[in-house]
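Along the sequence shown, the residues carry numbers beginning at 1.
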Amino acid sequence: MKELEERARACYEGTITLSSNEFLEMLVLDGCFVLELFQGVAVGFQRLDYARNDPVFAMRGSMHAIHRDMIMLENQLPLFVLDRLLGIQLDEPDQKGKVAKLAIRFFDPLMPTDEPLTKIDMSRLGSSMGHTNTFDPFSDLGGLHCLDVFRSLLRSGPKPEPRMWLKKRSHAIRVADKRRQQLVHCVSELREAGIKFKKRKTDRFWDIKFKNGILRIPRLLIHDGTKSLFLNLIAFEQCHLDCSNDITSYVIFMDNLINSHEDVGYLHYFGIIEHWLGSDAEVADLFNRLCQEVVFDINNSYLSQLSEDVNSYYNHRWNAWRAALKHRYFNNPWAIISLFAACILLVLTFAQTLYGVYGYYRPGT
């Protein structure tokens, strides 16, 4: 561990006043606790010879608090430190990848999707340690820590390239002005323009599609740990300007869609949002507060092309007129029957008038 000290100190911001022995002791103690926790969740604490009434690992409700505490950006330990400690424990000094697997399994309850971590995901993660191109959780920054690994799993898969479609509207490359983070209109306004919402069946919660006036959004699960998860993922992307802003782009897009509890209720009705908070208003407040003071380049978002397509559809007047017609006259069976009866009455009236006029000018026929 001594040979990793200088590299580990460089991972922290500011000057560390701890002596060499104190710093190494901190790394070892914290690292051993993290590894023991990861392995206990993976195989069971009883198999690690912990008692059923253990004061740390057997407390009800403590694991939920530990999840939220360990996902925090400021609480991360360098991944190479954890790799070295696990290598010492397993007598495999050069092993890599096992800590990443354990971390993903540990943080799985925080996943914002109801799709569990499949064997395919785990095999892709395992094969990436063999330096293949299938899936690499260390592709951006060399696997800085467990939060970085978890973020890499969340954003795995191909994404569209950002397009510089809002350059004329953007007065700065990266801005924290919330007025300049508007990618699309809210759900209520998009509905008035005839845009429909449907749930997209995929385990990639960020994989949003738009085609033929239908916005397909994957299911998003919102629980007590969602706010902490997104805040720390956004903070990570804000601190590392050379990494992608995919999570930030997704959260800002959802923030644009959700302005009120009515928007949340509509998305919930179609199965796009499932939450365990107190009310729909709390979900709306969560998204509206997540991206406050966030520096974001609207030109550099994987959702830029999709947003352009949505706005183009929204700005087409015919779509709004057609949606208003459907909403006003075809929103329920009684309205349809009334409209149909009115049309029949109009046709009969026209026919009666036509025959009356015809009889007046051609009385003999």
Side-chain angles (χ1 to χ4, degrees), residues 1 4 8 24-130 132 134-138 143-154 156 203 221 223-226 228-229 232-233 276:
M1 291 299 296
L4 299 179
L24 291 175
E25 181 182 4
M26 178 196 70
L27 292 180
V28 171
L29 289 178
D30 290 351
C32 288
F33 173 79
V34 170
L35 292 177
E36 198 74 358
L37 187 64
F38 285 178
Q39 293 180 93
V41 170
V43 303
F45 289 103
Q46 292 186 5
R47 292 186 59 182
L48 298 180
D49 296 329
Y50 284 97
R52 294 176 59 89
N53 59 346
D54 184 83
V56 177
F57 300 122
M59 290 181 61
R60 291 184 178 180
S62 63
M63 197 56 65
H64 180 67
I66 291 175
H67 274 123
R68 289 196 294 180
D69 186 64
M70 291 186 60
I71 203 67
M72 296 177 68
L73 180 60
E74 58 267 32
N75 290 343
Q76 301 301 310
L77 283 174
L79 193 65
F80 60 83
V81 171
L82 297 177
D83 278 329
R84 178 63 61 87
L85 289 174
L86 186 61
I88 294 173
Q89 179 183 355
L90 301 177
D91 197 22
E92 301 176 15
D94 298 326
Q95 71 80 31
K96 286 185 179 180
K98 292 183 179 180
V99 175
K101 289 183 179 180
L102 292 172
I104 289 175
R105 186 184 296 272
F106 176 78
F107 288 120
D108 184 60
L110 295 180
M111 289 284 285
T113 173
D114 53 358
E115 293 290 336
L117 189 62
T118 63
K119 293 182 178 180
I120 297 177
D121 293 327
M122 293 299 295
S123 64
R124 283 190 299 177
L125 178 62
S127 64
S128 71
M129 307 310 166
T132 66
T134 349
F135 169 71
D136 187 1
F138 311 121
L144 296 178
H145 39 62
C146 295
L147 177 63
D148 186 15
V149 173
F150 190 61
R151 171 183 170 273
S152 298
L153 180 68
L154 289 178
S156 63
D203 57 349
L221 298 185
H223 44 74
D224 291 339
T226 302
S228 177
L229 174 65
N232 285 282
L233 290 172
W276 289 270

For Pro112 against Leu229, the heavy-atom pair lying closest together: CD-CD2, 4.1 Å
Interatomic distance, Asp83 atom CG to Ile88 atom CD1 [nearest 0.5 angstrom]: 11.0 Å
Approximate separation, where rounding is to 0.5 Å, of Asp108 CG and His67 NE2: 8.5 Å
Neighbour count >12 (heavy atoms, 6.0 Å) for atom CG, Asp69: yes
For Leu221 against Thr113, the heavy-atom pair lying closest together: CD1-C, 3.5 Å
Asn232 side chain reached by Met72 side chain, heavy atoms, under 4.5 Å: yes
Verdict with supporting geometry, Leu154 and Met111, side-chain contact (heavy atoms from CB on, under 4.5 Å): CA-CA 8 Å; Leu154 289 178; Met111 289 284 285; 3.4 Å; yes
Geometric class of the Phe107/Phe150 ring pair [parallel <30°, tilted 30-60°, perpendicular >60°]: tilted
Check: Val34 and Leu82 side chains under 4.5 Å, non-hydrogen atoms: yes
Derivation of the side-chain contact (heavy atoms from CB on, under 4.5 Å) call for Leu73 and His145: CA-CA 9 Å; Leu73 180 60; His145 39 62; 3.9 Å; yes
Close side-chain approach of Phe38 and Lys98, heavy atoms under 4.5 Å: no
Approximate separation, where rounding is to 0.5 Å, of Arg105 CZ and Gln39 CD: 12.0 Å
Min side-chain heavy-atom separation Leu85-Val81 under 4.5 Å: yes
Minimal non-hydrogen separation, Phe45 against Glu36, with atom names: CE2-O, 4.0 Å
Heavy-atom pair with the smallest gap, counting every atom of Leu110 and Gly225: CD2-CA, 4.3 Å
Straight-line distance of Asp148 CG to Leu233 CG, nearest 0.5 Å: 10.0 Å
Sub-4.5 Å side-chain heavy-atom contact between Leu77 and Phe33: no
Atom pair CD (Gln76) and CG (Leu147), whose distance is rounded to the nearest 0.5 Å: 5.0 Å
Distance, nearest 0.5 Å, that separates OG1 of Thr226 from CH2 of Trp276: 8.5 Å
